[in-house]
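To start, the structure under review is shown below, and the notes come after it.
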Amino acid sequence: MFKRLDHINEPTVTITIEDRQIKVPAGDSVAAAMLAAGIVTARMTPISSAHRGPYCMMGTCFECLVEIDGVPTQLACQTQVREGMNVTIQRGLRDLAT
Amino acid sequence: MKRQYDLIIIGAGPAGMAAAIEAGKSGVSAMVLGDQWSPGGQVYRAIERVRPEKLATLGADYRYGQHLARQFREAYAEYLPGAAVWQVEPDLIVNFIIEEKAGQIKAKRILIATGARERPVPIPGWTLPGVMAATAADVLLKSHGIVPCGRIVLAGSGPLLFLTAARLVDFGVMVNAVLDTTPFANYISALPALPKALLAHEYLLMGLRMKQRIHRSGIPVYRNVKNIEAEGSNAVETVRFSSNGKTRKLKVDTLLLHNGVVPDTQITQQLDCEHIWYDMQRYWQPLVDKWGNTSDSGIAVAGDAAGIAGAKAAEVSGHLAALEAVYRLKVISRQERDLRAAPLEKRLLREKAVRPFLDRLFRPDPGLLVPSDDRTIVCRCEEVTAGEIRKALELGALGPNQLKSQTRCGMGPCQARMCGLTVSEIIAEYRNEDVSKVGYPRIRPPIKPISVDQLADLELVD
């Protein structure tokens, strides 16, 4: 569980995470936005469908792999939010046909 | 952006920034590639963006980064934030990816200043959402003003464990417990190094003050902690451990683990530079001379990526490495290099004076580094457990690379960043061999994700 220390009083963008529309600071990483929105799961593993979430927040552990705007296996902690971005939890193996 | 630079610096933390500042003074063309969106590295993360109210609470050591970042911006060096390096070629070509486009630039000299990363220490259940590295909390706090709430437990050892706890307390976060795994024996073995550490006594004072803050806030600190296990179904719910021999269980929403930091050697390993094993802190570091020169001609390392010594030491080593680069580029003479280096070398000795003490005090318990529970996941990416690794060793896997072929351990997206050290330790224990003989999995490019599309569109520089 995570929370923001202060009210957001900087430029924001509206993004969708798992069908939920939320307003987040434009400087947020996708991973930060997810955690602040109460979502600790980023993906379900291809091998056992185990739930995984951000671990290192600095682009080292490669756990926070999510699907952004239809493109799978994006590192949420190294991707900055954009207006209208659509983020979904990556469930299992990426779809090679995309 | 040019096609070639005199000096390419990889990393925009204290070492990278200092090197850019120093190189700029001599008029060489320098380019700094930072993979984050603004300078500062990890220790001064978000230093340009952080709100003034937070600055005071984050302390003077962090605030110092503003001064460094300002000098960096004013330096005669180019800076490309958001550039992730995916390969460095021995003929000094640096391949990177920025805004989903692959790029390539050439250098006469390369300085690797990629800093440190967390030492990953597997425990049962460490892959559950809600279990995170303590530095992740630091990132969330500095870059985004986000803090954990609910039940929070910190576990492990090392100065950053207590610093993170103290920081959370400073920002009004209720920490429920700190589980300290530092073995009591370490306090005794660290004593001989204490006199030297007093030369850099401000580090010791800082440590004492941190512990005081935690003590005064009433957070229970459990000592001699062993056998930590995280439990839960789709997220962490409880943490089990023993403290001074007594078994305990705590409810938890966020479990922050920390067991020291280790050099980020991904690039030097990819280049096949010579590395040496630093037994006191159980990590690999590139073999470098006092200027940071590696076994590869034209390639040097500065800062924590060459061996953990902290932010101030990193800054000084960045200056030294840049002086060496400028000398090798024949812009200054050997005498001038040595003259300018002399006060820096003195300063470096002083900053490093505390290391022998800290390295002994926070020496990782070897028992901790080799998961005894077979169920413990070692390779998080490919979900390979300690038991599966030991079975592969029984079946004759000779080393980390054979183990990789047999179990897929190290083949996942993180490319052994999270399992490499543990694999070396498990093999060493199994074969009763020194880790330095066991080696490390071979690291191949690309070391950051890149698609075939992006590769195909890459404009070659030669």
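- In this structure, chain B has no heavy atom under 4.5 Å from any part of T73(A).
- Pairing each heavy atom of E383(B) with each of S48(A), the nearest pair is OE1-OG, 2.5 Å.
- Chain B forms the most heavy-atom pairs under 4.5 Å with one residue out of G59(A), P25(A), S29(A), and that residue is S29(A).
- Using a 4.5 Å heavy-atom threshold, the side chains of I47(A) and E382(B) count as touching.
- The contact between A50(A) and chain B is made entirely by side chain atoms (from C-beta outward), counting heavy-atom distances below 4.5 Å.
- When heavy atoms are compared at a cutoff of 4.5 Å, I152(B) does not approach chain A at all.
- Under the 6.0 Å distance and 45° angle rule, R417(B) does not count as a cation-pi partner of F62(A).
- If you measure heavy-atom distances from T127(B) to chain A, the contacts under 4.5 Å come from both the backbone and the side chain.
- Between L140(B) and L35(A) there is a side-chain heavy-atom pair separated by less than 4.5 Å.
- If you measure heavy-atom distances from R151(B) to chain A, you find no contacts under 4.5 Å at all.
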**Item:** Verdict with supporting geometry, D6(A) and K54(B), salt bridge (Lys or Arg N to Asp or Glu O under 4.0 Å)
**Value:** CA-CA 11 Å; D6(A) 313 298; K54(B) 264 163 68 188; over 6 Å; no
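- Residues of residues 38-46 of chain A that come closer than 4.5 Å to chain B, counting heavy atoms only, are V40(A), T41(A), T45(A), ordered by residue number.
- Interface remark: I377(B) contributes side-chain atoms only to the contact with chain A (heavy atom separation under 4.5 Å).
- For V139(B), the part lying under 4.5 angstrom from a heavy atom of chain A is the side chain only.
- The contact between W126(B) and chain A is made by backbone and side chain atoms together, counting heavy-atom distances below 4.5 Å.
- For the pair G53(A) and P129(B), the tightest heavy-atom approach, listed with the atom from each and the gap, is N-CG, 3.9 Å.
- Pairs passing the salt bridge (charged side-chain N to carboxylate O under 4.0 Å, His left out) check and including a residue from residues 74-87 of chain A, sequence neighbours excluded, read D69(A)-R82(A).
- Residues D28(A) and H144(B) share a closest heavy-atom pair of OD1-ND1, 3.4 Å.
- Near-neighbour residues of residues 7-23 of chain A relative to chain B, defined by a heavy atom under 4.5 Å from a heavy atom of that chain, comprise H7(A), N9(A), E10(A).
- The minimum heavy-atom distance between C381(B) and C61(A), with the atom names listed, is SG-O, 4.4 Å.
- Heavy-atom distances place the side chain of Q42(B), and not its backbone, under 4.5 Å from chain A.
- When heavy atoms are compared at a cutoff of 4.5 Å, Q78(A) approaches chain B by way of both its backbone and its side chain.
- Scored by the ring-ring contact (aromatic ring centres under 6.0 Å, His included) test, Y283(B) finds Y278(B) as partners (sequence neighbours excluded).
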**Message:** side chain to side chain contact (heavy atoms under 4.5 Å, CB included), that's the test. Do K3(A) and I146(B) meet it? Break it down for me.
**Reply:** CA-CA 6 Å; K3(A) 66 174 187 190; I146(B) 292 172; over 6 Å; no
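- Considering every non-hydrogen atom in both A136(B) and Y55(A), the closest pair reads CB-O, 3.4 Å.
- Remark: side-chain polar atoms of R52(A) are paired, donor with acceptor, to backbone N or O of R380(B) under 3.5 angstrom.
- The nearest pair of heavy atoms linking M57(A) to R45(B) is O-NH2, 4.3 Å.
- The candidate with the highest count of non-hydrogen atom pairs below 4.5 Å against chain A, out of V131(B), T135(B), D35(B), is V131(B).
- Contact count against chain A (heavy-atom pairs under 4.5 Å) is highest for R51(B) among R117(B), M418(B), R51(B), R49(B).
- Of the two parts of Q415(B), neither the backbone nor the side chain holds a non-hydrogen atom closer than 4.5 Å to a non-hydrogen atom of chain A.
- Ranking P148(B), C149(B), C414(B), A84(B) against chain A, the residue ahead of the rest is C149(B), based on heavy-atom pairs under 4.5 Å.
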